[in-house]
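Some notes on the structure that comes next.
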2 protein chains.
Amino acid sequence: MIPFPAINRLCALYRLLCDLQESGVERISSADLGKKLGVGAHNIRKDIAFLGVSSSSASGYDIKGLKQLISEKFEFNTEKKACIVGLGRLGTAIMERKDLCGGEFHIIAGFDSNINRLETISSSISLYPAYSITEVVRRLRIELAIIAVPACVAQDVADKLIDGGIKGILNFAPVIVKLDNKEIFIKNMDISGELRVLSAQIKNSIR
Amino acid sequence: MIPFPAINRLCALYRLLCDLQESGVERISSADLGKKLGVGAHNIRKDIAFLGVSSSSASGYDIKGLKQLISEKFEFNTEKKACIVGLGRLGTAIMERKDLCGGEFHIIAGFDSNINRLETISSSISLYPAYSITEVVRRLRIELAIIAVPACVAQDVADKLIDGGIKGILNFAPVIVKLDNKEIFIKNMDISGELRVLSAQIKNSIR
DNA sequence: TATTGCCTGTGAAATAATTCACAAAAATAT
DNA sequence: ATATTTTTGTGAATTATTTCACAGGCAATA
Ligand SMILES: NC(=O)c1ccc[n+]([C@@H]2O[C@H](COP(=O)([O-])OP(=O)(O)OC[C@H]3O[C@@H](n4cnc5c(N)ncnc54)[C@H](O)[C@@H]3O)[C@@H](O)[C@H]2O)c1
Ligand SMILES: NC(=O)c1ccc[n+]([C@@H]2O[C@H](COP(=O)([O-])OP(=O)(O)OC[C@H]3O[C@@H](n4cnc5c(N)ncnc54)[C@H](O)[C@@H]3O)[C@@H](O)[C@H]2O)c1
């Protein structure tokens, strides 16, 4: 069981490796990876050790190989189905991102409670009314969801998603969504909340 | 110096207290706060202890007083000036949020490199071309910035913001922005990156 | 005004995460 | 072929964070 901070860094590392590979780099040392990620080299090596291999070399890591290692550990090679609930300003902006509609993730459904709104959105993604969330998520075996509804209905939406068997949730509404099932993961992305954390850090750092 | 995890929880607590106050609650125990935030009661009490007071009671915390305490510690009562760089889909969606345009935060400037685009956006917020970021941030003493530009220019934008004297950055571009100054804080909000972390956690939790 | 029960504050203990230090392996230089 | 340099892998030490345990205060009750 890999500790959460290490999972986080390994995911960042994975993205970095993809970028490096695209720009033609083939090998890189833990020291250089650390510099690019703003993390100590020891930390990088420890994280990689969690993947459970050992193939020492004096010329750093083979980028292709390391990428594959992470990818296998976390199953990044199999496409994950996702959906968006709440097709307002934020929801539609996210829905239209190319990087979320092919490759690693695939947004295959959008939900909104406002039926008129559904009709005005033109999209290649299938759209459904909010009352069918549980049924559609279960039928299409959707694993991940992005919540972009007003705060007051976020918990209700999350409950429906969980009933449908969702595994992970990215929540943009500024509320703490309660989950009792420890096998379901949530990440809150509260923008004004994060601005508040930043300003608290700024104040805390003075003196 | 309050540890970062505690700052994070205190900010979440602050929001919760605001909500509770609005719904008319006056006092609440650490146990109930913990339940609502998904955190142990001990943890809540320890976090509050970092604020540096002690006023024991057998009927929980006074919500108004506790809010004020946090607010004073982190200076939440003084309005913070913020700006958005990159007025594409995401940037404009964020710009239009009511909760970011008054009260605690105030978005007072928007920037984009595409001059034509600036002209088509109708907004009550002042808009400027991207080359003036440094000058405007310095002149208006803007403390916080939200970056919503393509990944390839995010570092460049961050550098300009830092030159202007920015203190905190919320970065939506999927890259690690490098800061050498430890007095500047950054929070990355990479949506597809977070989806990846969620799917890694899901995989990691199995077996 | 005693008594009882509830709840906080906090030092101590336990747990988690990071950093260190160095042996061993691979590449490179001599 | 041998020495030197580079870089990994990992147990141990350190540091950070969370959890625990309980003394002591406050409020409610009689
Ligand atoms: N839209 C989303 O929900 C979403 C999801 C995931 C990630 N992101 C990330 O957020 C960022 C913005 O996404 P978007 O969908 O709004 O993209 P977009 O293309 O709609 O908008 C980008 C805007 O940035 C402006 N810009 C380009 N270079 C600039 C510069 N140097 N200075 C100032 N402005 C500049 C462009 O003119 C454009 O208006 C991207 O990095 C994207 O990967 C967005
Ligand atoms: N737009 C931003 O950049 C931004 C910034 C900070 C926070 N947020 C948060 O993100 C959420 C969405 O923001 P937005 O700007 O897109 O709001 P919005 O009002 O534009 O969109 C909300 C959408 O959710 C739909 N909806 C309402 N109840 C629903 C339900 N029960 N089931 C399904 N859909 C439902 C509405 O019909 C609407 O289309 C809000 O919670 C907001 O606080 C957004």
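We name chains A, B, ... by the order of the sequence lines, and we start the count at 1 in each one. Remember, predicted model here, so these are calculated numbers, not experimental data.
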Has A:Lys187 got a side-chain atom pairing as donor or acceptor with B:Glu194's backbone, closer than 3.5 angstrom? no
With A:Glu72, which residues qualify under salt bridge (charged side-chain N to carboxylate O under 4.0 Å, His left out), at least two apart? none
Which pairs, with at least one residue in residues 4-14 of chain A and sequence neighbours excluded, count as a side chain to side chain donor-acceptor pair (under 3.5 Å)? A:Arg9-A:Asn43, A:Arg9-A:Asp47
Taking side chain as C-beta onward, heavy atoms only, is B:Ile70 less than 4.5 Å from B:Leu17? yes
Could you check if a side-chain atom of A:Ile44 sits within less than 4.5 angstrom of a side-chain atom of A:Val39, using non-hydrogen atoms only? yes
Sequence neighbours excluded, the answer for salt bridge (charged side-chain N to carboxylate O under 4.0 Å, His left out) partners of B:Glu26 is none
Test: salt bridge (Lys or Arg N to Asp or Glu O under 4.0 Å). Region: residues 28-38 of chain B. Which pairs qualify, not counting sequence neighbours? B:Asp32-B:Lys35
Contacted region of DNA chain D by chain A, from 5' end to 3' end of the hits, cut-off under 4.0 Å to heavy atoms, spans D:dT6 to D:dA12
Whole-Å distance between C:dG11 P and B:Phe50 CZ? 12 Å
In whole angstrom, give the distance that lies between atom CG of B:Leu66 and atom P of C:dT8. 11 Å
Side chain to side chain contact (heavy atoms under 4.5 Å, CB included) between B:Leu161 and B:Ile147, worked out: CA-CA 10 Å; B:Leu161 288 165; B:Ile147 294 183; 3.9 Å; yes
Name the one of B:Phe76, B:Phe74, B:Phe185 that satisfies side-chain contact (heavy atoms from CB on, under 4.5 Å) with A:Ser199? B:Phe76
Give every pair of a protein N or O atom and an N or O atom of nucleotides 19-21 of chain C that lie under 3.5 Å apart, one pair per line with the distance.
from   : atom 1 : to      : atom 2 : distance (Å)
C:dT19 : OP2    : A:Asn43 : ND2    : 3.2
C:dT19 : O4     : A:Lys46 : NZ     : 3.4

Could you check how far CD1 of B:Ile44 sits from C1' of C:dC7, rounded to whole Å? 14 Å
Residue list, salt bridge (charged side-chain N to carboxylate O under 4.0 Å, His left out) with B:Arg89, at least two apart or on another chain: A:Glu96
Tell me the ring pair (Phe, Tyr, Trp, His ring centres under 6.0 Å) pairs involving residues 126-151 of chain B, sequence neighbours left out? B:Phe111-B:Tyr128
Quick one, which residues of residues 5-12 of chain B touch DNA chain D with a heavy atom under 4.0 Å? B:Pro5, B:Arg9
Strictly under 3.5 Å: I want the nitrogen or oxygen pairs between protein and nucleotides 23-29 of chain C, one per line.
none

Applying side chain to side chain donor-acceptor pair (under 3.5 Å) as the test, list every pair that has at least one member in residues 160-186 of chain A; sequence neighbours left out. A:Asn171-A:Asn188
Nearest-nucleotide check on DNA chain C, B:Ser30 vs A:Phe4; residue mapping nearer the 5' end is B:Ser30
Is there any ring pair (Phe, Tyr, Trp, His ring centres under 6.0 Å) pair reaching into residues 33-71 of chain B, and which pairs are they, with sequence neighbours excluded? none
Tell me the interatomic distance from A:Ile48, atom CD1, to C:dT18, atom P, rounded to whole angstroms. 14 Å
